[in-house]
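The block underneath contains the structure these notes are about, expressed in structure tokens.
Residue indices begin at 1 and follow the sequence shown. Below, each value reflects all heavy atoms present in this structure, side chains not excepted, and no hydrogens, waters or symmetry copies.
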Amino acid sequence: MPFQSTGCNPGIEETRKAAWEWAESNGLVLSPVARKKMVRTRPELWISLIFPTASQQHLDLFCQWLFWAFLVDDEFDDGPAGRDPRMCEAAIDRLVTVLDGGPPSGAMERALVGLRTRTHRDRSARWIRQFRRDTVAWLWTYYAEAVERAAGQAPTRSEFVKHRRDSVAMQPFLDLHEITAGIDLPESARSLPAYIALRNAVTDHSGLCNDICSFEKEALLGYEHNAVRLIQRDRDCTLQEAVDEAGAQLAQIAQRVQRAEKELVEEIEAAGIEGPTRTALERCVQDYRGLVRGDFDYHARAERYTRPDLVEVDRRDSMSEHFAA
């Protein structure tokens with residue numbers, strides 16, 4: 001890990017309390033098992049490591065998005081909807097409809113309306129389009145995985161890299177970074193090849209780091225959409241050999257981050273970009289390193305990843321009441 005830690009936001013404890021209060025006020029009262037899982041997940045830690053200088057208002061909002069996203073993740077990764085494509089399709093379609101302004105039904109959808117309203121406030125149409133694209137792309141990855149599970153299929157390693165860029169859900173949080181950074185990138189900046197490469201490298205690093213740390217937990221659940229599992233199956237090697245290869249790939253991705261940073265500076269100069277757009281891109285270069293390091297540190301500290309022995313298999317045959325229409 002070549003990047004230095006940028007520390008942890010001092011508002012972490014306040015944002016933890018705010019997240020649980022937000023969940024309760026939105027009717028997201030978790031079962032004892034789900035509550036233990038969320039406590040071990042520590043969404044307030046990830047968000048505070050990723051956004052160490054965010055205001056309390058932004059930190060709270062982002063943490064509540066993450067809390068909501070982890071509920072989605074656990075429902076579709078571990079619950080029955082992840083094994084039933086029709087159930088999954090219907091639930092995801094409702095969430096996307098609500099994100100697009102449709103009427104909510106159920107606690108998760110009502111909570112989404114509040115998050116969407118607070119997030120879109122004072123944001124440009126182009127930013128909202130980007131955030132919508134990235135969020136919807138993430139949500140539909142659960143359906144793709146459910147279909148492959150039902151068909152007895154698994155992606156190739158190269159296919160999985162592309163899939164994981166959306167499924168790890170880092171892209172929406174890179175969009176949220178613009179809120180706390182006080183920037184709003186124009187379409188021209190988003191189209192710079194090196195900016196795209198930088199976002200992809202940051203996202204790939206998060207996805208692979210997550211897979212390395214999640215492998216034992218996901219193996220217990222029979223979950224195949226994991227880079228370590230795909231390496232092990234593809235090479236017919238031991239678990240340790242697969243982990244070692246994944247670790248080497250993680251180091252290479254960190255180098256890609258550094259290369260994309262350098263190329264982005266060159267492209268800014270070549271395109272003659274000045275003023276607020278240049279400042280915004282330079283802020284991304286500055287902050288993304290800390291974001292990568294914060295994500296890396298989080299996975300080494302949260303019990304969701306460090307204690308696979310605490311995993312409880314979800315044997316429900318119906319979705320959580322929070323997702324009920």
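Asp84 pairs by the side-chain hydrogen bond (donor to acceptor under 3.5 Å, both in side chains) definition with nothing, not counting sequence neighbours. For Asp122, there are no side-chain hydrogen bond (donor to acceptor under 3.5 Å, both in side chains) partners two or more places apart in sequence or in a different chain. For Ala260, the side chain to side chain contact (heavy atoms under 4.5 Å, CB included) criterion is met by Ala197, Leu198, not counting sequence neighbours. Not counting sequence neighbours, Arg86 has no partner by the salt bridge (Lys or Arg N to Asp or Glu O under 4.0 Å) test. Here Thr156 pairs with Ser158, Glu159 under the side chain to side chain contact (heavy atoms under 4.5 Å, CB included) rule; sequence neighbours left out. Remark: Tyr142 pairs with Phe76, Trp138 by the ring pair (Phe, Tyr, Trp, His ring centres under 6.0 Å) rule, at least two apart or across chains. Under the salt bridge (Lys or Arg N to Asp or Glu O under 4.0 Å) criterion, Arg283 pairs with Asp287, sequence neighbours left out. Considering only residues two or more places apart in sequence or on other chains, Asp297 meets the side-chain hydrogen bond (donor to acceptor under 3.5 Å, both in side chains) condition with Arg293.
Using a 4.5 Å heavy-atom threshold, the side chains of Phe70 and Lys37 count as separate. At least one side-chain heavy atom of Arg133 sits under 4.5 Å from a side-chain heavy atom of Asp166. At least one side-chain heavy atom of Leu174 sits under 4.5 Å from a side-chain heavy atom of Gln171. Arg126 is listed as a side-chain neighbour of Glu187, based on a closest heavy-atom distance under 4.5 Å. Proximity of Leu192 to Ile273: side-chain heavy atoms (C-beta onward) are separated by under 4.5 Å at one or more points. Taking 4.5 Å as the limit, some side-chain heavy atom of Glu109 sits within range of a side-chain heavy atom of Ser105. Between Ser167 and His225 there is no side-chain heavy-atom pair separated by less than 4.5 Å. Side-chain contact between Cys88 and Ile92 is present, with heavy atoms from C-beta onward closer than 4.5 Å.
Residues in residues 41-51 take part in these salt bridge (Lys or Arg N to Asp or Glu O under 4.0 Å) pairs, two or more places apart or across chains: Arg42-Glu44. Within the structure, the salt bridge (Lys or Arg N to Asp or Glu O under 4.0 Å) test picks out the following pairs touching residues 191-208 (sequence neighbours left out): Asp134-Arg199, Arg165-Asp204, Asp175-Arg199, Asp204-Arg256. Screening residues 226-271 for ring-ring contact (aromatic ring centres under 6.0 Å, His included) gives no qualifying pairs among residues at least two apart or on separate chains.
For the residue pair Asp60/Gln64, the side-chain donor-acceptor check at 3.5 Å is not satisfied. Side-chain atoms of Glu75 and His322 form no donor-acceptor pair, as typed in the model, at a separation below 3.5 Å. His299 and Asn210 form a side-chain donor-acceptor contact under 3.5 Å, judged by distance and modelled atom types alone.
Using a cut-off of 4.0 Å between Lys/Arg side-chain N and Asp/Glu carboxylate O, Arg157 and Glu245 are scored as salt-bridged. Under 4.0 Å is where a charged nitrogen must lie from a carboxylate oxygen, and between Lys17 and Glu21 no such pair does.
Pro186 and Thr277 get closest at one heavy-atom pair: CG-OG1, 3.6 Å. Nearest heavy-atom pair, Gly7 versus Pro52, reported as atom, atom and distance to 0.1 Å: O-CB, 3.6 Å. Considering all non-hydrogen atoms of both residues, Pro172 and Phe131 come closest at O-CE1, 3.7 Å. Across Thr15 and Cys63, no two heavy atoms sit closer than the pair OG1-CB, 3.8 Å. A pairwise comparison of heavy atoms in Glu263 and Ala194 identifies C-CB, 3.6 Å as the closest pair.
The backbone N or O of Trp46 lies less than 3.5 Å from no partner atom in the side chain of Asp295, so there is not a single donor-acceptor pair. Asp211 places no side-chain N or O within 3.5 Å of a backbone atom of Asn226 that could act as its donor or acceptor partner. Of the possible polar contacts, none joining the Glu269 side chain to the Glu266 backbone as a donor-acceptor pair under 3.5 Å is found. The backbone N or O of Arg149 sits nowhere less than 3.5 Å from a side-chain atom of Arg83 that would complete a donor-acceptor pair. The backbone N or O of Phe323 sits less than 3.5 Å from a side-chain atom of Arg94, completing a donor-acceptor pair.
Note: the hydrophobic cluster containing Leu95 also contains Val147 (ILVMFWY, side chain heavy atoms under 4.5 Å, direct or indirect links). Under a hydrophobic-cluster definition in which Ile, Leu, Val, Met, Phe, Trp and Tyr are linked whenever side-chain heavy atoms come within less than 4.5 Å, directly or via other members, Val96 and Met108 are assigned to the same cluster. Leu185 and Ile196 are assigned to two separate hydrophobic clusters, defined by single-linkage of ILVMFWY side chains at heavy-atom distances under 4.5 Å. One hydrophobic cluster holds both Leu49 and Met1 under the rule that ILVMFWY side chains link at heavy-atom gaps under 4.5 Å. Hydrophobic clustering, with ILVMFWY side chains joined whenever heavy atoms are under 4.5 angstrom apart, keeps Leu239 apart from Phe160.
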Derivation of the salt bridge (Lys or Arg N to Asp or Glu O under 4.0 Å) call for Asp100 and Arg116:
CA-CA 9 Å; Asp100 287 339; Arg116 181 199 68 205; over 6 Å; no
Checking side-chain contact (heavy atoms from CB on, under 4.5 Å) for the pair Trp65/Leu176: CA distance, chi angles, key distance, verdict?
CA-CA 10 Å; Trp65 265 115; Leu176 292 176; 4.2 Å; yes
Verdict with supporting geometry, Thr306 and Arg301, side-chain contact (heavy atoms from CB on, under 4.5 Å):
CA-CA 7 Å; Thr306 63; Arg301 293 170 60 179; over 6 Å; no
Does the side-chain contact (heavy atoms from CB on, under 4.5 Å) test come out yes or no for Glu261 and Arg289, once each step is laid out?
CA-CA 9 Å; Glu261 290 173 342; Arg289 284 187 168 214; 2.8 Å; yes
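Between Trp22 and Phe67, the two ring planes are perpendicular [angle over 60°; tilted spans 30° to 60°]. The aromatic rings of Tyr195 and Tyr288 sit tilted relative to each other, their planes meeting at an angle between 30° and 60°.
Hydrophobic clustering, defined by side-chain heavy atoms of Ile, Leu, Val, Met, Phe, Trp and Tyr closer than 4.5 Å, leaves Val33 isolated from every other such residue.
Less than 6.0 angstrom separates the ring centroid of Phe51 from the ring centroid of Phe62.
We find the CG-CG distance between Leu99 and Leu139 to be 7.5 Å, quoted to the nearest 0.5 Å. From Leu291, atom CG reaches atom OG of Ser206 across 8.0 Å, with rounding to the nearest 0.5 Å.
With a 6.0 Å radius and a threshold of 12 heavy atoms from other residues, nucleotides or ligands, Gln56 has its CD atom above the threshold. Residue Gln258 qualifies as enclosed at atom CD: its count of foreign heavy atoms under 6.0 Å is above 12. Within 6.0 Å of CD on Gln153 lie more than 12 heavy atoms contributed by other residues, nucleotides or ligands.
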